[in-house]
Amino acid sequence: MSKDFILPDIGEGIVECEIVEWLVAEGDEVKEDQPVVEVMTDKAMVEIPAKDDGVVEKLYYQKGDIAKVHEPLFRINAAGDSSDAAEEKTAEKEAPKSDSKPDSNQATGGETTDFILPDIGEGIVECEIVEWLVSEGDEVKEDQPVVEVMTDKATVEIPAKDDGKVVKLYHKKGDIAEVHKPLFALQPAGGAQASGSGETASGSSSQNSAESKPQAAAKAEAEPPVNARQGKAIASPAVRRLARENDINIADVPGSGKKGRVLKKDIEAFKSGGQSAATSTDSKPTQQPAATSGGTRTEAIRGVKAAMAKQMMNSVSTIPHFTYADEFDVTNLIALREKLKEQYKEKGVRLTVMPFFIKALSLALKEFPVMNAQVNEDCTEITYFDDHNIGMAVDTKIGLLVPNVKQVQNKSIIDVANEVTRLTQAAREGKVPQADMKGGTISISNIGVIGGTVATPIINKPEAAIVALGKVQELPRFDENGNVVARKIMTVSWSGDHRIIDGGTIARFNKLWQEYLEDPTSMLVNMV
C-alpha cells in the first residue's frame with residue numbers, strides 16, 4: 001500500500017527545511033529507521049528516517065528545494081507490497097523497450113551503460129571536471145567516488161551507482177560537463193544490459209531519446225541546448241566566481257573560448273578595460289565594452305542566515321537591550337593555559353581559554369541567578385534555571401550557530417573543554433544535533449578570534465544576557481609600583497535584558513567573573 005511520508009516537526013518554531021542530500025533513490029528498498037534524506041533547518045542539519053519498511057516510490061523534492069513541515073516529503077510502498085514493487089522496478093530496468101527508440105541510459109549493443117550526470121544543485125546546468133578518481137579500464141564498486149566536479153556553489157564527488165568496469169570517460173580534467181548528459185560509460189558487473197544509474201540520475205529516459213549515448217558522446221562538439229543557455233554566458237564555475245568577486249556581470253564579457261566561452265583572461269581583460277581576447281572568424285577584433293558600475297546581485301536568504309535574521313529582529317524589537325563593557329587582564333589565565341596545554345594534549349584534550357571562560361561564568365551565575373533567568377512574552381513571569389547551559393556562538397559556512405554546553409555547573413574544566421571541542425567541530429560541519437541547540441540559558445560570542453575588540457551583541461532570545469569576548473592585546477599598564485609593564489588585556493562587552501537586569505547587577509556580576517579569570521586559583525578553589 002502506497003502512502004506519503006509527512007515531514008514531521010523537526011524543531012521548535014521550524015516550518016521548513018532545505019533538502020541537502022537524498023540518501024536513497026526512487027525504487028530503493030528501505031528499512032524502518034533507515035535515514036532517507038538529510039535536511040538543513042534554521043539551526044542544524046538533520047537526518048529524516050523512514051517510519052516503515054518498504055520501497056521508495058516517489059521523491060517529492062530535489063536537492064536544494066525547500067520542503068514544508070506537515071507536507072508530503074516522499075511516497076513509500078509499505079512492506080507487504082514492497083516485494084511486488086521491487087520486482088516491477090527490476091522488470092522495468094531489465095526488460096527491453098517495446099518501441100523502436102533505444103533506451104537513453106543504455107549504450108548501443110547492450111554491453112555498456114552511460115552514467116548520466118544528475119541534478120547536482122538547484123539551477124545548476126553544468127559543472128567543471130576537477131579530478132577523475134578512476135581511469136578507463138578500472139573496476140569500480142557501487143557508491144565508489146568516480147569523479148570530483150565543481151559547481152557554482154561547491155565541490156562534489158560523484159559516485160558510481162553499480163559495480164562494473166569503466167569503459168569510457170567522456171570528459172577530461174578541466175572540461176565542462178552538462179547535467180543530464182553522459183559523464184562516463186560503465187560495463188556493469190555480470191554483463192547486465194542496463195543500469196539504474198542513468199535512470200536515477202536523469203529522472204527520465206526521454207533525454208536524448210533520438211540517439212544512443214555513444215552517438216551523443218561523439219557529438220560532444222555540438223552546440224549545447226539553447227534552453228539550458230537562455231540569458232546565460234558560457235563559463236566555468238571558477239570563471240563565474242572570479243566575475244562575482246570583481247563585481248562584473250559575466251553576460252557583458254565577450255568570450256574568447258570555444259563557442260564564445262568566457263575564460264579567466266577575458267574577465268581580467270574586461271576588468272582592466274582592455275580588448276577582449278576573443279576574435280571573430282574573420283580576424284576582426286571584438287570591441288571590449290567599457291567596465292560598468294552600479295550593478296547589483298540578488299540572492300535568496302535561506303537556512304541558518306534567514307533564521308538568524310528573524311531571531312535578531314525579534315530580539316531587538318522585544319527586548320530592551322543595554323550594554324556594559326570592561327577590561328580583563330588575562331595574563332595569568334593565559335600563562336596557566338600554556339602550562340597545562342601540552343600536558344592535556346597528550347591525553348587527547350584540546351585546552352583553549354574558552355573552557356575557563358565558560359566555567360568561570362558558571363561559578364559567577366551561582367551568585368547572580370537572575371543572569372541565568374528568562375521572562376515570558378508579556379513580561380509577567382520570570383523563570384530561574386538551575387542548569388547553566390552556556391551557549392557559544394560559532395561562525396560556520398552555513399551561518400551563525402549557537403550550540404550550548406549543558407549543565408556546566410556539574411562539569412570540570414576538562415569536561416567543558418571536551419564539550420567545546422565536540423560542539424565546535426559539529427557546528428563547523430553544520431551537523432549540530434537539535435538537542436545541543438536547545439535549552440541555552442546564557443551565551444558567549446567570541447569576536448576576538450577574527451580580530452574584534454568591542455561589540456554590542458544581540459541577546460539570543462529568550463535568554464536574558466550575552467557577552468562578546470574581544471581579542472587579547474598586549475598593552476602597557478602600570479603595576480602596583482607605578483612601573484609600566486606589558487599585560488595581556490581583553491575587552492568584554494555585555495548586552496542585558498533591562499526588564500530584569502539593571503546596571504548595578506551586571507556590573508557586580510561581571511566583577512566576580514573578572515576576579516575568577518584574572519586569578520585562576522580563586523576559580524579552582526570555588527569549584528570544590
Worksheet item: Taking the side chain as C-beta and beyond, is there a heavy-atom pair between Gln343 and Lys345 under 4.5 Å?
Response: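 A side-chain contact is absent here, since even the closest heavy-atom pair is not under 4.5 Å.
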Discussion item. Could you go through Val484 and Arg477, starting from their C-alpha distance and side-chain angles, then the distance that decides it, and tell me whether this counts as side-chain contact (heavy atoms from CB on, under 4.5 Å)?
Written reply: CA-CA 5 Å; Val484 176; Arg477 291 294 184 267; over 6 Å; no
Discussion item. If you define the side chain from C-beta out and look only at heavy atoms, does anything of Lys68 sit under 4.5 Å from Leu7?
Written reply: no
Worksheet item: From Ile48 CD1 over to Cys17 SG, what is the distance, rounded to the nearest 0.5 angstrom?
Response: 6.5 Å
Worksheet entry | Gap separating the CG atom of Leu361 from the CZ atom of Phe356, nearest 0.5 angstrom | 15.0 Å
Item to complete: Report yes if some heavy atom in the side chain of Tyr324 is under 4.5 Å from a heavy atom in the side chain of Asp326; otherwise report no.
Response: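 Yes, at least one pair of side-chain atoms sits under 4.5 Å.
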Worksheet entry | Nearest-0.5 Å distance that lies between atom CD in Gln374 and atom OH in Tyr384 |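 The CD atom of Gln374 sits 12.0 Å away from the OH atom of Tyr384.
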Discussion item. A quick test of your reading: do over 12 heavy atoms of other residues, nucleotides or ligands sit less than 6.0 Å from CG of Asn376?
Written reply: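 Yes.
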Worksheet item: Is the gap between the ring centers of Phe5 and Phe74 under 6.0 Å?
Response: yes
Discussion item. Determine whether Val37 and Leu23 satisfy the following criterion, side-chain contact (heavy atoms from CB on, under 4.5 Å), listing intermediate values before the conclusion.
Written reply: CA-CA 5 Å; Val37 61; Leu23 308 178; 5.6 Å; no
Worksheet item: Would you say Glu346 has more than 12 foreign heavy atoms packed within less than 6.0 Å of its CD?
Response: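 Not more than 12 within 6.0 Å, no.
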Worksheet item: How long is the span from the CD1 atom in Ile6 to the NE2 atom in His70, to the nearest 0.5 Å?
Response: 9.5 Å
Worksheet item: Just checking, is any N or O donor in the side chain of Asn418 or Thr421 under 3.5 Å from an acceptor N or O on the other one?
Response: no
Worksheet item: Could Arg422 and Glu419 be called an ion pair, given the rule that one side-chain N must be under 4.0 Å from one carboxylate O?
Response: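 Salt bridge flag = yes for Glu419 with Arg422.
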Practice prompt. May I have the step-by-step check of side-chain contact (heavy atoms from CB on, under 4.5 Å) for Leu365 and Gln409, ending in yes or no?
Written response: CA-CA 9 Å; Leu365 289 175; Gln409 78 279 5; over 6 Å; no
Worksheet item: Any Lys/Arg nitrogen of Arg428 or Asp395 sitting under 4.0 Å from an Asp/Glu carboxylate oxygen of the other?
Response: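 Salt bridge absent between Arg428 and Asp395.
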Discussion item. Can you list everything that forms a side-chain contact (heavy atoms from CB on, under 4.5 Å) with Asn404? Sequence neighbours excluded, please.
Written reply: Asn389, Lys406
Discussion item. Glu463 vs Thr441, test: side-chain hydrogen bond (donor to acceptor under 3.5 Å, both in side chains). Steps then yes/no.
Written reply: CA-CA 5 Å; Glu463 297 169 13; Thr441 56; over 6 Å; no
Worksheet item: Does atom CZ of Arg487 have more than 12 heavy-atom neighbours, drawn from other residues, nucleotides or ligands, at distances under 6.0 Å?
Response: yes
Discussion item. Which residues pass the ring-ring contact (aromatic ring centres under 6.0 Å, His included) test with Phe509, not counting sequence neighbours?
Written reply: Phe368, Trp494
Worksheet item: When rounded to the nearest 0.5 angstrom, what distance separates CG in Asp387 from OG in Ser362?
Response: 9.5 Å
Practice prompt. Could you tell me whether Glu21 and Lys63 make a salt bridge, using a distance below 4.0 angstrom between a side-chain N and a carboxylate O?
Written response: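 Salt bridge between Glu21 and Lys63, a charged N being under 4.0 Å from a carboxylate O: yes.
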Practice prompt. Quick one: do Asn332 and Glu518 satisfy side-chain hydrogen bond (donor to acceptor under 3.5 Å, both in side chains)? Show the steps, please.
Written response: CA-CA 6 Å; Asn332 295 334; Glu518 291 189 347; over 6 Å; no
Fill in: Side chain to side chain, Ile248 and Lys271, heavy atoms closer than 4.5 Å
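Of all side-chain heavy-atom pairs linking Lys271 with Ile248, at least one is under 4.5 Å.
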Item to complete: Say whether Ser522 and Asn526, considering side chains only, have a donor N or O and an acceptor N or O under 3.5 Å apart.
Response: no
Fill in: Candidate pair Phe357 and Leu333, rule side-chain contact (heavy atoms from CB on, under 4.5 Å), full reasoning
CA-CA 10 Å; Phe357 277 90; Leu333 174 63; 3.9 Å; yes
